[in-house]
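Structure first, commentary second.
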Amino acid sequence: MPLDWNAFEEGDSIPELKKAPGVTQLVKYSAGGGDFNPLHHDFNFPQSKMIGSIIIHGRFKYAALGEVVSNWLDHGGRIRLLSCQYRGMDLPDNEFTLGGTVKRKWEEGGEKLAEVELYAKNAEGKNTTPGSAVVVFN
């Protein structure tokens, strides 16, 4: 059911999403996004060896943040702005949790808007990819 403007308040959490992409999914993401940096798929790549693993694409985590907002909206609106910062590495097959909190809700120029503060937390609870989204409701 599409999210209704009156169904949430500032401070409310949005439903979380969990991801644990494996190597195969990262290779597919490389093909779809055109990012074939060996750091995302080749364990023998020198940087991978230094880290001890390959790492998940930053853009994969960015897209997953968009997915968590889109899931919350459920066709009740659209994402106007999505941004994030890459502050930590996430490793394949390690679950990370995406979610957020409604930071602000307002009306402007006849539009109903909300700003959501987002996170992608690793298993240790570190927010490796903080972000935000501004959404416009139908």
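The hydrophobic clustering, which links ILVMFWY residues whose side-chain heavy atoms are closer than 4.5 Å, places M89 and F45 together. Linking ILVMFWY side-chain heavy atoms closer than 4.5 Å, directly or via other members, places L81 and V116 in two distinct hydrophobic clusters.
Note that CZ of F43 is 11.0 Å distant from CD1 of I51, once rounded to the nearest 0.5 Å. Rounded to the nearest 0.5 angstrom, E115 CD and S132 OG are separated by 5.5 Å. Note that CZ of F137 is 8.5 Å distant from CG of L113, once rounded to the nearest 0.5 Å. The NZ atom of K19 sits 15.5 Å away from atom CG of N94, with the distance rounded to the nearest 0.5 Å. Here L39 contributes atom CG and K49 contributes atom NZ; the two are 13.5 Å apart, rounded to the nearest 0.5 Å. Interatomic distance, CD of Q85 versus CZ of R87, reported as 4.0 Å (0.5 Å rounding).
Judged by distance alone, the side chain of N6 and the main-chain N or O of D4 form no donor-acceptor pair under 3.5 Å. Of the possible polar contacts, one joining the D12 side chain to the E9 backbone as a donor-acceptor pair under 3.5 Å is found. For D90 (side chain) and I56 (main-chain N/O), no donor-acceptor pair under 3.5 Å exists by modelled atom type. Listed for the N138 side chain is a donor-acceptor partner under 3.5 Å among the backbone atoms of H75. Judged by distance alone, the side chain of T128 and the main-chain N or O of N122 form no donor-acceptor pair under 3.5 Å. S48 contributes a side-chain N or O that, together with a main-chain N or O of D42, makes up a donor-acceptor pair within less than 3.5 Å.
In this structure, L26 and H41 have side chains that are not in contact, with every pair of non-hydrogen atoms separated by 4.5 Å or more. Counting heavy atoms from C-beta on, the side chains of N71 and I14 never come closer than 4.5 Å. The shortest side-chain heavy-atom distance between E10 and K103 does not fall under the 4.5 Å cut-off. Looking only at side-chain heavy atoms (C-beta outward), H40 and I54 stay at 4.5 Å or farther from each other. Within the 4.5 Å cutoff, side-chain heavy atoms of L118 are placed close to those of V69.
None of K18, K121, E16 except one satisfies the side chain to side chain donor-acceptor pair (under 3.5 Å) rule with T97; the exception is K18.
Closest approach of E67 to L17, counting heavy atoms only: CD-CD2, 3.6 Å. Closest heavy-atom contact between L3 and A7: CD1-CB, 4.0 Å. Counting all heavy atoms, side chain and backbone alike, S70 lies closest to I79 at N-CD1, 4.2 Å. Between S53 and P92 the shortest heavy-atom distance is OG-CD, 3.7 Å. Of all non-hydrogen atoms in C84 and L65, the two that sit nearest each other are CB-CD1, 3.7 Å. Taking both residues in full, the closest heavy atoms of Y86 and T129 are given as CD2-CG2, 3.8 Å, listed atom of the first, atom of the second, then distance.
Pairs passing the side chain to side chain donor-acceptor pair (under 3.5 Å) check and including a residue from residues 23-39, sequence neighbours excluded, read S30-H57.
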Start with the C-alpha gap between Y119 and F96, add the side-chain angles, then the distance that decides, and say whether ring-ring contact (aromatic ring centres under 6.0 Å, His included) holds. CA-CA 10 Å; Y119 59 82; F96 60 98; over 10 Å; no

Would you check, one step at a time, whether the test side chain to side chain contact (heavy atoms under 4.5 Å, CB included) holds for W72 with V102? CA-CA 11 Å; W72 173 62; V102 178; 3.9 Å; yes

Assess whether side chain to side chain contact (heavy atoms under 4.5 Å, CB included) is satisfied between L91 and I55, documenting all intermediate values. CA-CA 5 Å; L91 307 178; I55 62 171; 3.9 Å; yes

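Counted within 6.0 Å of NZ on K105, heavy atoms from surrounding residues, nucleotides or ligands total more than 12; the atom is thus considered enclosed.
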